[in-house]
Every structure is written in C-alpha cells, then in structure tokens.
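Reviewing the structure listed below.
Since this is a predicted model, take the numbers as computed values, not measurements. The chains referred to below are lettered A, B, ... by the order of the sequence lines, with proteins before strands, and numbering in each begins at 1.
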Protein chains: 2
Amino acid sequence: MGLNAVQLEKIMDGIHFQVRRFDKNEQVVYAGDSCTELMLVLSGSVKGEMADYTGKTIKIEDIEAPRPLAAAFLFGKNNRFPVNVIANEAVSLLCISRPEFLKILQKDQRILTNYLNSISSRAQFLSSRIKFLSFKTIRQKIAHYLLELAGDRLAVVELPLSQAQLAEFFGVTRPALARAMGELVAEGLVQTQRRTIRILDKQKMNDLLKG
Amino acid sequence: MGLNAVQLEKIMDGIHFQVRRFDKNEQVVYAGDSCTELMLVLSGSVKGEMADYTGKTIKIEDIEAPRPLAAAFLFGKNNRFPVNVIANEAVSLLCISRPEFLKILQKDQRILTNYLNSISSRAQFLSSRIKFLSFKTIRQKIAHYLLELAGDRLAVVELPLSQAQLAEFFGVTRPALARAMGELVAEGLVQTQRRTIRILDKQKMNDLLKG
DNA sequence: GCAAAAGTGTACCAAATGTTACAAACCGGA
DNA sequence: TCCGGTTTGTAACATTTGGTACACTTTTGC
C-alpha cells in the first residue's frame, strides 16, 4: 500500500513481467491449471467460478483491481488453481513468475509486508470461518454472531444483513433462521424489531455456546 | 528445510534474537496477547489450548520442534494470539521480532520460500476443510472422502481411521455415520468389510455430490 | 400515493441427524 | 483357548432442520 509511480518503477527495474489483456467473458485460467505466476488485476475485474459436480458453475467471488489472484496458491503444497477464472469485463493482468516475484519481495520490504499480511489475513479469515461453522445449532450460530457483533459494551445491535443473507452466511434456510430467532425472543433472551436486536440476557446467550 | 549450521550462522549474523526457556506446564503465551515476534520451537513441545466458553479448556494442537508458533498471526489484520500456549515439557523457543524476521526473509530466499509455503499450505488446508464442511449430508461427506481417498484408479480403499475417529472428523456422531454407510451398502454403491471398502459404482457416488 | 417488489413472521410436514442402548464381531494378551 | 476390551452394526425414539406455502409489513420505483 502506498507506493507511488517512481517507487514502483524503481522496484520493477530489472524484473521480468508481462501484462495480459482479456476481453469480457474470456477465460483467464482453467481450474487445475498449474499456478506458477503471481497474477495481479490491474484494471477491470474477474470472477472465480467453481465447476459444480453437475457441470453447472457457481460463482465464488469477484476480484477487482488491484487485488492478486489466488495468492495462496502461488506458494504452498498445492499449486493448481481451484477455480475457473473468467473476465467480468475488459481486464488487464500483471503477471510475474514466482522467482521474479521472490526477487521483488526481497528487494522491497513494503511489498513483502503487504503480501505476508494478505495471505496471513486470509488464513485468519478462513480459521474464524471454520470456528463459526463448527457451531452445531442455529441458536448457537445466532448467539455467537450477535455477541461478536455487540462486543462487550453494546446491548443493541443493528443487523448489517437481511435475514436471507444472514441465513446464507450461516448455511441454513431462511425460515429455519427466523424460527430459531423467534424462539430466542419467546425465551426472553433478545427483543427484535426487524433488523434491530436488543440482547436482554448476555449470560444466557453465552450459556448457549457451551453445548 | 535443508540449512546447515554454517548457513544458519551466516543468516543469523547481525540479527537480534533471544532464546527463552520454559518449564513443563509453564504458560508461554496468553490468549489475547499481542503477537509481535516469531516464536520457533527449538526443542520440546508446546500445546495450544482454547478457553471454552464454560471456562474449561480444550486442546487444539501440539506443536513440536522445529515448528513455528501461530505463524499466521505474526502478520495479518489480527495480531493477537487466539489460544493459550503451554509447555508440554521443558522447552526452548527462539524469538525474533517482526522487523528482524523481515530482515531474515529478505536476506535468505530459502527461508522466505519456506515461510511463504508454510502459510500458504495452511490457507489451502483450511480452504479444503471448509469445502468439506460445506457438504450438507453425511452421505455426501462419505462420498467425497472415499472418492478422494481412492483417486482415479483404485476401487478398494482401506480407511486410515476408526469409525469413531472418522465420525469426529466429519463432525457427526458415530451411529449416524454407520447408518449412512449401511445405506450406501444397501443401495449397492459400496461393499464394506470393516475398514476395507470397495467402491462399486463411482458414477453414482459422484452423483451424490451434485446435491 | 400507489403498485410492485422485497423482507419478515409463521405454520405444516418430511428428511436428516442426534441420543441412547444393546448385540455381534474383532483383537490382543494371559 | 478363553477372556476382556475395543470396534462395529443396528434399532427406536427425540430433536433439529429443510422444504414449501402463505399472510403480513416495509421499502422501492413510478
């Protein structure tokens, strides 16, 4: 973060790289392709799609400039792309081979730090996601989610997602989520007014997580 | 990987570090502590424990020499240890501050590569674990697990885990796992003889994953 | 201000899994 | 060989969640 053109030019001096352009809907990489280069989205955006077992594809995520593509797969044991990548629009990608990229990392500490931060944050995100998925019941997921959102201080929280989005995030159906929420209300643990939720009994909410 | 004493000495030249020793059962770090140093287990082993919401602690993992401690938390957005770390036995730790460690990474490409590989592999592992957890039914988990184990060629696989261990890995109860397996047998998709499993119909097994 | 769309609360039944219990098959050592 | 512990197979019942449908409320766009 925070590199100007002059600094960039200095860093890229003596580094081999190439810029590739793709048109809208053009396939950038195929799932299973070997991942030997760092690919950076310079302009435009691409989407990662995973081939469903049925053959139909589902979108995993959008990657917009200036983010890297599959940063966790350039290194590590598995060097094959897990997804198909397709251009959302006209897009240009900066491609740098692994050895060249290592040179850059060794040359500039800011880039090294940024890259380490990026993949570390991803590992942390995945880790917290797994912790979340390990809660068995919907009640537990709600309790964990609300307590996290409220922190130590607050008793009233505003949901940042619609019920349907929240249900998808939880990996459950919307009616099931509404039902579980309704039970918590009936038991006097929370009060709800559409997206506004007041936590009445944090102690009991915590108890839910004991399993 | 693959650094001898002379090489190490050369790398560590001019680097500030310290070696700390802990006795058995001594607490090495507290959950919530800020993580500003790389900590490397030189000898002995430590365990990571998470404080349950009940107050009781559960063991997360053992870390033995020569592995690093919480490598994903030295960088990234969240720089606080997620777990308590306690010495399993007399243990010595090599501690290097983040700036000093960055110096090392810039100085030696092998260490840089090793470190990048380590974090990346972890992210990949977590990612595949999430994919696995996202299968809804036990049948799907079994199918995915067996197909992965068998690969393209084999039809007969030997389970490396007991049914109880497998159930825990799947995050389900043992009887439920046995029941689901029994149904697959009844439907003629597999044959089982305790831990030995023959996949009779790979096509149908694949179809299960379509959901 | 009205109509359409989106979001929410609730009910019903079906499907999947957890819980508990017990019997049968295996395995190791005396 | 026999015995005890472990692993595996199975059953009955309770609980949780998914699937679907529908009424109601709120927001959005015209």
Side-chain angles (χ1 to χ4, degrees), chain A residues 52-54 58 132-146 149 156-200 204-205 207-211, chain B residues 132-146 149 156-200 204-205 207-211:
Chain A
D52 195 333
Y53 289 91
T54 67
I58 51 176
F132 186 80
L133 288 173
S134 72
F135 288 116
K136 293 286 181 191
T137 67
I138 299 182
R139 298 166 68 91
Q140 288 183 322
K141 293 182 184 186
I142 294 175
H144 179 75
Y145 184 82
L146 290 181
L149 206 58
V156 179
V157 298
E158 191 82 10
L159 294 181
L161 301 174
S162 75
Q163 211 179 68
Q165 291 172 318
L166 205 56
E168 188 181 349
F169 181 69
F170 283 14
V172 302
T173 58
R174 191 196 59 77
L177 176 59
R179 173 173 46 198
M181 189 69 86
E183 288 169 4
L184 294 182
V185 173
E187 294 166 24
L189 298 186
V190 300
Q191 280 178 352
T192 65
Q193 173 131 27
R194 297 191 72 84
R195 287 201 186 182
T196 306
I197 297 186
R198 171 183 296 274
I199 303 175
L200 297 177
K204 281 190 183 170
M205 291 285 276
D207 291 349
L208 286 182
L209 302 178
K210 289 182 182 175
Chain B
F132 186 79
L133 288 173
S134 72
F135 288 116
K136 294 283 182 193
T137 68
I138 299 182
R139 296 167 68 92
Q140 288 184 322
K141 293 182 182 184
I142 295 175
H144 179 76
Y145 183 83
L146 290 181
L149 205 59
V156 179
V157 298
E158 191 81 11
L159 295 181
L161 302 173
S162 75
Q163 210 180 68
Q165 292 172 316
L166 205 56
E168 188 180 349
F169 180 69
F170 283 13
V172 301
T173 58
R174 191 197 59 77
L177 176 59
R179 174 174 43 200
M181 189 69 87
E183 286 169 6
L184 293 182
V185 172
E187 292 166 26
L189 298 186
V190 299
Q191 280 179 351
T192 64
Q193 174 129 28
R194 301 194 64 89
R195 288 201 186 182
T196 306
I197 297 186
R198 171 184 296 274
I199 302 175
L200 297 177
K204 282 191 183 170
M205 291 284 276
D207 292 349
L208 286 183
L209 302 178
K210 290 182 182 177

Could you measure the distance from the [atom1] atom of [X] to the [atom2] atom of [Y]? Nearest 0.5 Å is fine.
{"X": "B:Leu208", "Y": "B:Leu184", "atom1": "CG", "atom2": "CG", "answer": "6.5 Å"}
{"X": "A:Leu166", "Y": "A:Ile142", "atom1": "CG", "atom2": "CD1", "answer": "7.5 Å"}
{"X": "A:Thr173", "Y": "A:Arg179", "atom1": "OG1", "atom2": "CZ", "answer": "7.0 Å"}

Do any N or O atoms of the protein come closer than 3.5 Å to N or O atoms of nucleotides 6-8 of chain D, and which pairs are they?
{"unit_1": "D:dT8", "atom_1": "OP2", "unit_2": "B:Gln163", "atom_2": "N", "d": "2.7"}

Pairs in or reaching into residues 180-200 of chain B: which pass ring pair (Phe, Tyr, Trp, His ring centres under 6.0 Å), with residues at least two apart or in two chains? none
Take the protein atom CD of A:Glu183 and the nucleotide atom C1' of D:dT16, then report the distance between them rounded to whole Å. 9 Å
Without decimals, in angstroms, what is the distance between A:Phe135 CZ and D:dT16 C1'? 18 Å
Between A:Leu149 and A:Pro160, is any pair of side-chain heavy atoms under 4.5 Å apart? yes
Going by the rule side-chain hydrogen bond (donor to acceptor under 3.5 Å, both in side chains), which residues pair with B:Glu158 if we only count those two or more places apart in sequence or in a different chain? B:Thr196
Between the protein and nucleotides 17-19 of chain D, are there any N/O to N/O pairs under 3.5 Å, and if so, what are the atom names and distances?
{"unit_1": "D:dT17", "atom_1": "OP1", "unit_2": "A:Ile138", "atom_2": "N", "d": "2.8"}
{"unit_1": "D:dG18", "atom_1": "OP2", "unit_2": "A:Thr173", "atom_2": "N", "d": "3.3"}
{"unit_1": "D:dG18", "atom_1": "OP2", "unit_2": "A:Thr173", "atom_2": "OG1", "d": "3.2"}
{"unit_1": "D:dG18", "atom_1": "N7", "unit_2": "A:Arg179", "atom_2": "NH2", "d": "3.3"}
{"unit_1": "D:dG18", "atom_1": "O6", "unit_2": "A:Arg179", "atom_2": "NH1", "d": "3.3"}

Run the side-chain contact (heavy atoms from CB on, under 4.5 Å) test against [X] and tell me which residues pass, sequence neighbours left out.
{"X": "A:Thr192", "answer": "A:Met181, A:Val185, A:Val190, A:Ile197"}
{"X": "A:Phe132", "answer": "A:Arg129, A:Lys141, A:His144, A:Tyr145, A:Phe169, A:Phe170"}
{"X": "A:Glu168", "answer": "none"}
{"X": "A:Lys136", "answer": "A:Gln140"}

Looking only at heavy atoms, which two atoms of B:Leu177 and B:Gln163 are closest? And how far apart? CD2-O, 3.5 Å
Which nucleotide of DNA chain C is the first, and which the last, in the 5' to 3' direction, to come under 4.0 Å of a heavy atom belonging to chain B? C:dT17 to C:dC26
Axis-to-axis angle between the two ends of the helix from C:dG1-D:dC30 to C:dA30-D:dT1 (five base pairs per end, rounded to 10 degrees): 50°
Under the rule for salt bridge (charged side-chain N to carboxylate O under 4.0 Å, His left out), what residues qualify as partners of A:Arg139, not counting sequence neighbours? A:Glu183, A:Glu187
Pairs flagged by salt bridge (Lys or Arg N to Asp or Glu O under 4.0 Å) wherever residues 190-199 of chain B is involved - sequence neighbours left out: none
